[in-house]
> 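Let me give you the structure first, and then I'll get to my questions.
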Amino acid sequence: NTATAAKHLKPNGVFIFDFCYGPGVLTDPPVVLRWKRLENEEIEVLRIAEPVMHPNENVVDVNYCVQVKQKESGKVSELNETHKMRYLFIPEILQLCNSLFTLKTNYAWMEVNTPNFTDWLCVSTLIKK
């Protein structure tokens with residue numbers, strides 16, 4: 001919420017935040033099914049991610065299933081949760097600025113380049129008016 005950020009900043013204060021960049025998400029949509037496996041001496045962990053796109057809401061629900069297997073007993077426990085991922089576009093960032101901020105920069109994540117269709121993450125810098 002930009003109003004909350006503005007409340008905590010002095011004039012010319014800097015608000016930096018990262019977000020999922022809409023053009024990149026729509027150009028290279030989330031993979032239908034991804035999994036990751038990790039283990040140590042005691043447990044094996046399997047994380048499965050299944051995304052569901054909601055293009056009219058600019059949201060991806062990432063449904064996670066995490067299975068943890070105890071190596072000694074063979075007991076398996078499971079956790080399921082959904083992460084709502086809202087992706088944004090630069091015009092929306094400009095609207096968020098309203099009368100409180102000026103948009104200073106937009107960079108692709110960990111780059112000093114303007115984001116493009118291959119970038120999923122973006123970093124914006126806003127200056128409080």
> Side chains of Trp35 and Arg47: does their closest heavy-atom pair fall under 4.5 Å?
no
> What are the two closest heavy atoms between Pro115 and Cys122, and how far apart are they?
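For Pro115 and Cys122, the tightest heavy-atom pair comes out as CG-SG, 3.6 Å.
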> Cut-off 3.5 Å, no hydrogens considered: what does the side-chain donor-acceptor table look like for residues 37-46, sequence neighbours left out?
unit_1: Glu39; atom_1: OE1; unit_2: Lys71; atom_2: NZ; d: 2.5
unit_1: Asn40; atom_1: OD1; unit_2: Glu42; atom_2: N; d: 2.7
unit_1: Asn40; atom_1: OD1; unit_2: Ile43; atom_2: N; d: 2.9

> Using atom types as modelled and distance alone, determine if a side-chain donor or acceptor of Thr125 lies under 3.5 Å from a backbone N or O of Ile16.
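Not at all, since once roles are kept as given, no pair shorter than 3.5 Å links the two residues.
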> Taking all atoms of both residues into account, what is the closest heavy-atom pair of Tyr21 and Asp119, and its distance?
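Between these two residues, the closest heavy atoms are CD2-O, 3.4 Å.
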> Mind listing the closest non-hydrogen atom pair of Pro30 and Met53 along with its distance?
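Looks like CD-SD, 3.3 Å.
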> Tell me, which pairs form a salt bridge (Lys or Arg N to Asp or Glu O under 4.0 Å) where one or both residues lie in residues 78-103, sequence neighbours left out?
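Sorted pair list: Asp61-Lys84, Arg86-Glu92.
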> Do the side chains of Tyr107 and Asn113 get nearer than 4.5 Å, heavy atoms only?
no
> Is Val52 close to Asn63 at the side-chain level, that is, under 4.5 Å between some pair of heavy atoms?
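Of all side-chain heavy-atom pairs linking Val52 with Asn63, at least one is under 4.5 Å.
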> I'd like to check Val25 versus Trp120 (side-chain heavy atoms, cut-off strictly below 4.5 Å). Are they in contact?
yes
> Kindly indicate whether the side chain of Ile93, heavy atoms from C-beta on, has any atom under 4.5 Å from the side chain of Leu88.
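In contact.
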> Where is the tightest heavy-atom contact between Thr2 and Phe101, given as atom of each residue plus distance?
O-CE1, 3.3 Å
> With rounding to the nearest 0.5 Å, note down the distance linking CD1 in Ile48 to NZ in Lys36.
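Interatomic distance, Ile48 CD1 to Lys36 NZ, rounded to 0.5 Å: 14.0 Å.
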> With clusters defined by side-chain heavy atoms of hydrophobic residues (ILVMFWY) lying less than 4.5 Å apart, directly or transitively, does Ile90 cluster with Trp109?
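Different hydrophobic clusters.
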> Just by distance, do the side chain of Lys128 and the backbone of Gly13 share a donor-acceptor pair under 3.5 Å?
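No, the answer is negative, given that no donor and acceptor are paired below the 3.5 Å cut-off.
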> Is there a side-chain contact between Val76 and Val68 (heavy atoms, below 4.5 Å)?
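They are not in side-chain contact.
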> At their closest point, which heavy atom of Phe89 faces which heavy atom of Leu26, and how far apart are they?
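For Phe89 and Leu26, the tightest heavy-atom pair comes out as CZ-CD1, 3.8 Å.
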> Compare all side-chain heavy atoms of Phe15 with those of Leu9 and state whether any distance is below 4.5 angstrom.
yes
> Treat each ILVMFWY residue as a node, draw an edge where side-chain heavy atoms are under 4.5 Å apart, and state whether Tyr64 and Leu79 are in one component.
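Not linked; separate clusters.
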> Just by distance, do the side chain of Asn116 and the backbone of Thr118 share a donor-acceptor pair under 3.5 Å?
yes
> Are more than 12 heavy atoms, taken from residues, nucleotides or ligands other than Lys104, located less than 6.0 Å from that residue's NZ atom?
no
> How close do Leu103 and Cys97 get, counting heavy atoms only, and between which atoms?
N-SG, 3.9 Å
> Could you tell me how the ring of Phe19 sits relative to the ring of Phe17: parallel (under 30°), tilted (30 to 60°) or perpendicular (over 60°)?
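Rings of Phe19 and Phe17: tilted, as their planes differ by 30° to 60°.
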> Stepwise, does the side chain to side chain contact (heavy atoms under 4.5 Å, CB included) test hold for Ile127 with Val14?
CA-CA 5 Å; Ile127 306 298; Val14 179; 3.7 Å; yes
> To the nearest 0.5 Å, what is the distance between OG (Ser77) and CD (Gln70)?
6.5 Å
> Can Val59 be reached from Met85 by stepping across I, L, V, M, F, W or Y side chains whose heavy atoms are under 4.5 Å apart?
no
> What distance separates Asn80 CG from Glu50 CD, expressed to the nearest 0.5 Å?
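The CD atom of Glu50 is 9.5 Å from CG of Asn80, to the nearest 0.5 Å.
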